[in-house]
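Values reported hereafter were calculated over all heavy atoms of this structure, with side chains retained and with hydrogens, waters and symmetry mates removed.
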Amino acid sequence: MTKKNKIIVVILIAGAFIAVLNQTTMNPAIPRVMHDLHIDAPTAQWLSSGFTLVNAIVIATSAFLMDKFSTRKLFIGSFVLFFVGSVLGGWGPNFPVLLVGRFLQAVTSGLMLPMAMTVLMIVFPKEKRGTAMGLYSLVIMFAPAIGPSISGILTDSIGWRAMFLIMAVASLFVIVFAFFELDNFGETKNVTLDVPSVAMSSAGLFALLYGFSKIGSTGTLIEAGVLIVVGAIILAFFARRQLKMETPFLQLRVLADKQFATGAIILMLVQASLAAAAIMLPLYLQNVRGMSATVSGIAMMPGAILGAFSGLFAGKIFDKIGARKLSIAGVILIALGSIGMACYSMTTLVITVIVFYSLRSMGLMMANTPLNSWSVANLPNDKLNHGNAVTSTLRQVSSTMCVGLMVSVMNLVASRNTTDPIAGQLDGVHWTFYLSLVIAAIALVMVLVKIKNVDVEPKTIPEFDMSFALNAKPYTVSDSDTIARVIEIFTANRTSGIPVINKAREMVGFISDGDVIRFLENNDAHLLSDEGVSIDILDSESFTTKASALMGMNVMAVANENPLTITHEMNLTQITKFFNQHKLNKVAVVEGKRLIGTISRVDLMQYLMTKLN
């Protein structure tokens with residue numbers, strides 16, 4: 001990588017870090033903002049839920065914006081908005097000005113993550129894209145974990161406005177460096193955006209959120225009901241428009257798949273159950289217990305860190321134990337955390353507060369990975385990006401609406417106790433977590449009823465003798481052979497896959513004709529961010545150049561170094577399930593690390609025909 005590209009990577013990582021850090025810095029400061037600006041909790045929660053809502057709308061339009069505008073213009077323009085928003089937040093004399101500043105920051109956050117991932121994938125060569133994603137993931141995990149702690153310390157030592165001013169200075173440095181160093185990547189396209197869809201979705205969601213936030217305010221229950229109904233009607237027209245359009249703003253047709261729809265609903269419930277915790281915890285610790293913003297920020301950090309590692313853990317073991325066990329465990333952790341938080345009192349130890357909040361955070365991340373994978377399992381590949389976009393949008397919406405609802409419930413309950421305001425607020429906190437527990441319980445029931453048979457142990461078929469289906473003398477290549485040798489074996493023997501072995505006949509890889517063809521084909525990369533944003537990276541290398549380079553390459557440069565294998569002890573049901581789950585035509589059979597043969601689908605069919613006859 002050139003020095004220029006390294007500088008570009010630093011700029012992108014810095015931009016992504018600021019954008020993600022900014023998402024979590026506001027929560028510990030909300031109680032102090034309420035005091036300084038003389039606003040109630042339902043109003044103050046807009047700083048968090050309103051941010052999330054704007055962020056969701058911008059994420060949905062980010063693919064269009066990245067196609068329409070050059071990288072430099074979009075990056076610098078978004079951070080100019082961020083700078084203006086940060087200045088407004090740091091100076092804002094009243095809540096409306098502060099909220100506008102927060103919304104401008106949300107625009108940049110919604111654009112920055114998909115843009116950073118896109119450009120990183122272009123800047124890094126193909127063999128280094130794993131490093132790029134590692135940097136991206138590090139930013140995504142680390143920034144939210146330290147955000148609340150930084151916010152709490154700044155709020156207590158300097159004041160909450162300092163956060164905005166520091167963000168403004170940081171964004172100014174990013175703008176200057178980007179102006180001089182950032183290049184354009186990719187090509188702009190003549191694309192159009194369905195403006196009515198954006199307007200309808202935005203208006204409908206804002207009406208719903210505003211309605212939910214009004215429930216807890218005195219004398220506004222009728223107004224809240226009207227807003228919720230109006231928002232629901234607008235969103236119904238939005239959905240109707242999407243179903244009629246050939247290329248909709250949001251592809252709602254994927255909800256016709258029952259498994260996807262079920263998974264999306266459970267994910268919404270899981271997100272909704274956890275959503276208010278990040279708001280309620282600072283309110284409980286600061287307004288009810290009288291603790292500092294620093295304490296509330298630090299109390300949230302372990303949950304963020306453990307949640308991130310729980311997500312990684314769930315991803316690694318998902319293939320081994322399936323969606324059911326992981327999602328059940330995740331939802332149970334959320335429920336346990338809710339029970340514990342509903343029992344918070346005026347004397348609860350801070351370490352107890354941290355434990356129960358961490359349980360909820362871990363449960364969310366542990367459930368998200370398997371539920372996401374399970375929900376899209378039946379969708380065809382060309383619909384996956386639409387499915388993820390719909391799921392991401394619905395989760396953001398459920399999170400936003402639940403924050404508004406729970407804060408309103410807290411405010412409504414607290415307002416009934418006019419003799420002891422502190423006790424009233426504690427009662428309100430308890431009721432929000434009772435509601436969270438109810439939502440988690442509904443999610444748990446749905447998981448238990450709907451997600452079935454993903455981890456059922458296969459029955460043993462003792463009469464199966466693998467030796468009848470095993471090819472004990474398969475074609476193999478050495479890990480020192482070239483691709484030219486591989487192609488020679490493919491064409492001479494009409495085989496489609498070959499194990500790669502070392503001198504000790506230990507299996508070190510597997511190469512298929514598909515691996516070779518994928519190297520030669522047009523490798524336009526199609527990526528999908530966590531927010532459901534579809535990203536395309538064009539491959540400009542010619543076929544002749546690729547073919548010339550390919551023939552002399554070592555086999556391990558193309559082979560899969562961690563191939564799927566089966567062991568000689570597996571029974572017929574286990575093997576057929578393995579083939580079906582992983583969509584394989586041929587698989588290597590190993591004893592320890594040593595290759596003892598291969599089994600193909602054809603071998604299995606021949607074995608079955610022999611047994612039946």
Closer than 3.5 angstrom, by distance alone: can the side chain of [X] be matched with the main-chain N or O of [Y] as a donor-acceptor pair?
X	Y	answer
T155	S151	yes
R161	G92	yes
S327	A367	no
T108	S78	yes

Check whether any side-chain heavy atom of [X] lies under 4.5 Å from a side-chain heavy atom of [Y], and answer yes or no.
X	Y	value
N22	R102	yes
S292	D156	yes
M26	V33	yes

Going from [atom1] on [X] to [atom2] on [Y], what distance comes out if it is rounded to the nearest 0.5 angstrom?
X	Y	atom1	atom2	result
W91	L98	CH2	CG	11.5 Å
M112	L74	CE	CG	9.0 Å
I334	R360	CD1	CZ	7.5 Å
M401	L208	CE	CG	4.5 Å
L306	M301	CG	CE	10.5 Å
N27	L281	CG	CG	9.5 Å

Check: residues 167-179 side-chain donor-acceptor pairs under 3.5 Å, at least two apart:
| from | atom 1 | to | atom 2 | distance (Å) |
| --- | --- | --- | --- | --- |
| S171 | OG | M167 | O | 3.1 |
| S171 | OG | A168 | O | 2.8 |

Grab the two heavy atoms, one from [X] and one from [Y], that are nearest each other, plus how far apart they are.
X	Y	value
V58	V107	CG1-O, 3.5 Å
S375	G263	CB-CA, 3.7 Å
P93	L37	O-CD2, 4.2 Å
P31	P282	CG-O, 3.7 Å
S361	G303	CB-O, 3.2 Å
I158	A162	CG2-CB, 3.7 Å

side-chain contact (heavy atoms from CB on, under 4.5 Å) against [X], all qualifying residues, sequence neighbours excluded:
X	value
N94	P96, V97
R241	D194, P196, S197, M200, M245
I354	A299, P302, V350, S358
I150	L21, I146, L154

Pair L267-L394, side chain to side chain contact (heavy atoms under 4.5 Å, CB included): steps then yes or no: CA-CA 9 Å; L267 283 166; L394 291 176; over 6 Å; no
Chi angles and distances behind the side chain to side chain contact (heavy atoms under 4.5 Å, CB included) call for Q105, S86: CA-CA 7 Å; Q105 289 182 325; S86 300; 3.0 Å; yes
Side chain to side chain contact (heavy atoms under 4.5 Å, CB included) evaluation trace for L47 with L99: CA-CA 6 Å; L47 295 173; L99 187 61; 4.1 Å; yes
Test of understanding: with side-chain hydrogen bond (donor to acceptor under 3.5 Å, both in side chains), list the residues that count as partners of [X], not counting sequence neighbours.
X	value
Y357	none
N554	none
S201	none

Counterpart residues, salt bridge (Lys or Arg N to Asp or Glu O under 4.0 Å), relative to E561 (two or more places apart): none
If the condition is ring pair (Phe, Tyr, Trp, His ring centres under 6.0 Å), which residues does [X] pass it with, not counting sequence neighbours?
X	result
Y210	W46
Y284	Y344
F75	F79

I18, N55, V54 screened by side-chain contact (heavy atoms from CB on, under 4.5 Å) with S109, the one that passes: N55
Stepwise side chain to side chain contact (heavy atoms under 4.5 Å, CB included) test for I7 and V10: CA-CA 5 Å; I7 294 174; V10 171; 5.7 Å; no
